[in-house]
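Computed from heavy atoms alone, side chains included, the values below leave out hydrogens, waters and symmetry copies. In each ligand, atom 1 is the first atom listed, and ligand 1 is the first ligand listed.
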Amino acid sequence: MKTANQNIKPITTKINENGNIEIGGCDLVELANKYNTPLYVFDEATIRSMTQSYKKAFEEYPNIKMMFAAKAFMTKAICRIMQQEGFGLDLCSGGEIYTAKSSGFDMSKTLFNGNNKSYDELNYALSCGIQTISVDNFFELALLNDIAKSQNKTINILLRITPGIECHTHEYIQTGHLDSKFGFDLTQLDEAIELIRDEYSNINLIGLHAHIGSQIFEKQVYFDEVGVIFKEIKRIKDKYNIYLHTINLGGGLGIKYTENDAPISVYEIAETIISSIKEHSKKYEIEEPTVYIEPGRSIVGTAGVTLYTAGSSKQVPNGRKYQAVDGGMSDNARPSLYQAKYTVEIANNPKGTADEKVTIAGKHCESGDILAKDIMLPEIEEGDTICFYTTGAYGYSMSSNYNRVLKAAAVLVNNGKSDIIINRQTYEQLCESDVIPERLN
Ligand code: LLP
């Protein structure tokens with residue numbers, strides 16, 4: 001069965017009677033006029049269809065805990081939707097913990113990841129009642145034990161490991177290979193276990209965590225990841241008589257940015273993971289563990305689009321045609337950071353013949369601020385509403401104020417209704433943290 005991550009467009013996308021693109025029953029041109037651009041538009045139905053696909057796909061393995069990787073798109077409204085869908089949250093900074101907590105999220109359904117969690121962040125995480133911490137390194141183990149002791153608590157932890165699995169994705173978003181900044185090398189695991197057993201009495205080791213990368217299209221890497229983790233669990237059981245009953249497999253399921261992408265469905269990934277767990281449980285004679293998964297991109301990526309308004313254009317004599325829009329690398333860093341490609345349409349002219357080769361440029365003072373290079377579109381006119389699909393993940397969450405450009409707004413659409421979930425930043429907010437020291441007066 002197909003799942004929404006295999007579409008380029010949100011599941012409610014259509015062309016309406018005005019001849020414009022409509023998502024969630026809302027005309028994109030009207031949204032652009034009402035809320036101004038750049039604007040992130042999130043289709044609630046697509047988000048929920050993904051959370052529900054995950055739940056359904058893992059139905060036959062009830063001992064599963066779905067944790068939305070908040071780094072993909074974190075706002076209070078998304079936390080609320082995840083809570084309603086029965087998802088937990090994978091959080092990776094004090095700011096994400098604060099956002100979850102202030103949205104009223106049940107913190108007993110959260111876990112905390114990251115390779116350099118600070119004292120303040122760990123202290124805050126514990127006082128907020130975070131359920132599990134994935135510990136990345138020896139430094140953090142010692143720090144966390146001290147903090148837990150000072151709060152008179154015992155904290156459940158997973159040890160993050162680098163399983164030595166390479167997946168075919170962009171180098172910057174591979175994480176499970178051996179030369180990685182994340183997690184314990186397998187050869188360091190025993191030392192960590194012995195430290196916990198002998199010295200860190202406020203730490204309760206419950207399992208292992210791995211995350212092999214992001215935007216993954218292959219099934220086999222997940223099968224292998226489970227195998228590597230089980231092998232360690234068996235080894236640890238035999239050597240220390242400690243049974244680690246929880247495993248966290250991370251996130252990573254890919255989405256379809258362009259026609260060249262062929263991501264697998266949630267059902268395929270679930271089937272792979274479940275069959276690998278069954279096979280390895282049998283092989284190593286280990287009870288089937290509690291399994292966490294942390295999908296981020298696949299939950300929100302396809303649901304989100306970004307709208308821009310076409311502004312100036314430039315035809316280089318005998319060269320490229322550049323069409324500038326009113327956003328760029330500040331609202332979507334992915335093209336300049338990863339050479340990421342997107343599917344683009346003109347929201348007010350989706351049916352026009354795509355007979356012009358154009359390069360969509362951002363408005364930032366940087367030649368590398370190109371959102372889409374050499375794509376075919378109908379001729380763009382000034383004022384057109386340009387729609388970039390699949391910007392829901394790692395768009396807003398990696399946005400910046402480069403050039404002091406304001407952060408864009410986001411709306412959630414559903415059944416013909418649109419609601420602001422992030423207000424457009426104001427100039428006042430932009431300068432809110434700026435201070436002129438007295439002596440400069
Ligand atoms: N768990 C851990 C420990 C992670 O580090 C990540 C993503 C996830 C889960 C969620 O992975 P996902 O399901 O979203 O693939 N900024 C990059 C992606 C970086 C991913 C970082 N970690 C991009 O825009 O492609």
Side-chain angles (χ1 to χ4, degrees), residues 3-5 47 50-51 53-54 65-74 78 82 87-93 96 110-117 132-137 140 158-163 165 167-177 180-184 208-218 221-222 225 229 247-257 261 263-264 266 269-270 273 291-304 306 329 331-342 371 388 390-400:
T3 47
N5 65 305
I47 298 175
M50 284 307 297
T51 49
S53 295
Y54 269 104
K65 295 200 164 131
M66 319 275 184
M67 314 297 281
F68 170 60
K71 56 179 79 67
F73 180 54
M74 178 62 157
I78 291 295
M82 291 305 139
F87 269 55
L89 294 178
D90 149 24
L91 306 169
C92 73
S93 70
E96 288 191 354
T110 59
L111 53 84
F112 188 21
N113 281 320
N115 71 315
N116 191 26
K117 307 176 190 80
T132 308
I133 296 193
S134 175
V135 174
D136 197 271
N137 50 65
E140 187 186 337
L158 307 172
L159 289 174
R160 167 102 181 239
I161 55 165
T162 35
I165 293 169
C167 48
H168 301 107
T169 186
H170 193 285
E171 184 194 353
Y172 289 4
I173 51 180
Q174 276 184 0
T175 41
H177 55 303
S180 157
K181 72 169 184 172
F182 296 104
F184 292 90
L208 300 179
H209 173 207
H211 166 76
I212 46 182
S214 198
Q215 185 58 357
I216 295 173
F217 290 173
E218 310 143 89
V221 285
Y222 286 101
E225 181 190 15
I229 295 177
I247 68 175
N248 181 340
L249 300 173
L253 176 63
I255 64 172
K256 190 175 173 83
Y257 287 95
D261 294 332
I264 56 174
V266 178
I269 197 178
I273 289 173
V291 178
Y292 286 87
I293 54 165
E294 305 168 325
R297 186 193 314 266
S298 54
I299 303 276
V300 288
T302 317
T306 308
M329 63 197 295
D331 60 77
N332 186 358
R334 301 191 72 260
S336 42
L337 205 49
Y338 318 118
Q339 300 82 45
K341 297 207 166 21
Y342 288 87
L371 288 172
F388 272 63
T390 50
T391 58
Y394 304 109
Y396 177 75
S397 63
M398 298 206 299
S399 65
S400 75

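- Residue V266 comes nearest to T3 through the heavy atom pair N-OG1, 3.0 Å, listed as atom of the first residue, atom of the second, then distance.
- Summarising the geometry of T390 relative to T302, their closest heavy-atom pair is CG2-CA, 4.1 Å, with the distance given to 0.1 Å.
- Put simply, the side chain of H211 does not reach to within 4.5 Å of the side chain of F182, judged on heavy atoms.
- Nearest heavy atoms, G114 versus D136: O-CB, 3.4 Å.
- Counting atoms of ligand 1 from 1 in the listed order, those under 4.0 Å from a heavy atom of E294 are 1 (N), 2 (C), 3 (C), 8 (C), 9 (C), 10 (C), 13 (O).
- Interatomic distance, I293 CD1 to L253 CG, rounded to the nearest 0.5 Å: 9.0 Å.
- For ligand 1, the polar-atom distance check finds an N/O of R334 within less than 3.5 Å of one of the ligand's N/O atoms.
- The D90 neighbourhood of ligand 1 comprises atoms 1 (N), 9 (C), with distances under 4.0 Å to a heavy atom of that residue.
- Relative ring orientation between F73 and Y396 is described as perpendicular, the plane-to-plane angle rising above 60° on a 0-90° scale split at 30° and 60°.
- In summary, the atoms of ligand 1 found under 4.0 Å from a heavy atom of G296, numbered by their order in the structure, are 12 (P), 13 (O), 14 (O).
- In this structure, P295 has a heavy atom closer than 4.0 Å to ligand 1.
- Considering only heavy atoms from C-beta on, I255 stays 4.5 Å or farther from D261 through its side chain.
- Set against the non-hydrogen atoms of M398, the atoms of ligand 1 under 4.0 Å away are 16 (N), 24 (O).
- Ligand 1 has a nitrogen or oxygen under 3.5 angstrom from a nitrogen or oxygen of R297.
- When every heavy atom of Y292 is checked against every heavy atom of M67, the shortest pair comes out as CD2-CG, 3.5 Å.
- Ligand 1 has an N or O atom lying under 3.5 Å from an N or O atom of G252, backbone or side chain.
- Between G250 and ligand 1, no pair of N/O atoms sits closer than 3.5 Å.
- The minimum heavy-atom distance between P295 and F87, with the atom names listed, is CG-CE2, 4.5 Å.
- For a threshold of 3.5 Å applied to N or O pairs, the pair formed by S298 and ligand 1 contains no separation below that value.
- When each atom of ligand 1 is checked for a heavy atom of A69 under 4.0 Å away, the hits are 8 (C), 9 (C), 10 (C).
- The shortest N or O to N or O distance between R160 and ligand 1 is not below 3.5 Å.
- Residue contacts with ligand 1 for Y338 involve side-chain atoms from C-beta outward but no N, CA, C or O (heavy atoms, distance under 4.0 Å).
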